[in-house]
Amino acid sequence: MKRVGTKNTPVFRIVVADGRSPRDGKFIEEIGTYQPLKKGDNFTIDLERVKYWVGNGAQPSDTVASFIKKASKAAVAAA
């Protein structure tokens, strides 16, 4: 996750990055956002791109893995 918010107002972009790059450094692709101070539905994620990158060997962080799990459950419930 890449932090882009201002002081005391954190906003994160969920990105695909090389493990050797720094937290806010170069990334490959942006696949979602996360706003921790927002109540309720505080994240967006592109599940198709997540499936692609995980299929190619990407390893999500614990936080992003929980977002993927929640979004997958919501997509199944909506269908």
Side-chain angles (χ1 to χ4, degrees):
M1 294 195 327
K2 177 180 179 177
R3 184 180 169 135
V4 292
T6 61
K7 185 177 178 182
N8 297 323
T9 312
V11 176
F12 295 91
R13 291 183 181 161
I14 301 170
V15 297
V16 177
D18 187 353
R20 296 169 288 190
S21 64
R23 181 191 72 179
D24 294 338
K26 186 176 178 182
F27 63 93
I28 300 168
E29 181 179 357
E30 180 181 331
I31 58 173
T33 60
Y34 171 51
Q35 299 174 331
L37 298 181
K38 185 178 175 185
K39 300 295 181 197
D41 190 21
N42 60 356
F43 71 94
T44 60
I45 194 161
D46 184 356
L47 286 176
E48 291 298 320
R49 296 306 293 168
V50 168
K51 290 177 186 176
Y52 170 79
W53 283 110
V54 170
N56 283 332
Q59 297 176 347
S61 66
D62 294 339
T63 305
V64 174
S66 71
F67 294 154
I68 294 169
K69 186 176 177 181
K70 289 177 188 178
S72 297
K73 283 184 179 180
V76 169

Quiz: residues 22-34 side-chain donor-acceptor pairs under 3.5 angstrom, not counting sequence neighbours:
from: Asp24; atom 1: OD1; to: Arg3; atom 2: N; distance (Å): 3.0
from: Glu29; atom 1: OE1; to: Arg49; atom 2: NE; distance (Å): 3.4
from: Glu29; atom 1: OE1; to: Arg49; atom 2: NH2; distance (Å): 2.9
from: Glu29; atom 1: OE1; to: Trp53; atom 2: NE1; distance (Å): 2.7
from: Glu29; atom 1: OE2; to: Arg49; atom 2: NE; distance (Å): 2.9
from: Thr33; atom 1: OG1; to: Thr44; atom 2: OG1; distance (Å): 2.8

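- Applying the side-chain hydrogen bond (donor to acceptor under 3.5 Å, both in side chains) rule to Asp18 yields the partners Arg20; only residues at least two apart in sequence or on another chain are considered.
- Under the side-chain hydrogen bond (donor to acceptor under 3.5 Å, both in side chains) criterion, Asn8 pairs with no residue at all, not counting sequence neighbours.
- When hydrophobic side chains of Ile, Leu, Val, Met, Phe, Trp and Tyr are connected at separations under 4.5 Å, Val11 ends up clustered with Val4.
- In this structure, the side chains of Val54 and Val50 come closer than 4.5 Å at one or more pairs of heavy atoms.
- Under the rule for a side chain to side chain contact (heavy atoms under 4.5 Å, CB included), the partners of Lys38 that lie at least two apart in sequence or sit in another chain are Gln35, Asn42.
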Residues 64-73, side-chain donor-acceptor partners within the protein, below 3.5 Å, at least two apart:
from: Ser66; atom 1: OG; to: Thr63; atom 2: O; distance (Å): 2.6
from: Ser72; atom 1: OG; to: Ile68; atom 2: O; distance (Å): 2.8

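- In the hydrophobic clustering of ILVMFWY residues, with side-chain heavy atoms under 4.5 Å counting as a link, Val15 and Phe12 come out apart.
- Minimum heavy-atom separation, Pro10 to Pro36: O-CD, 3.4 Å.
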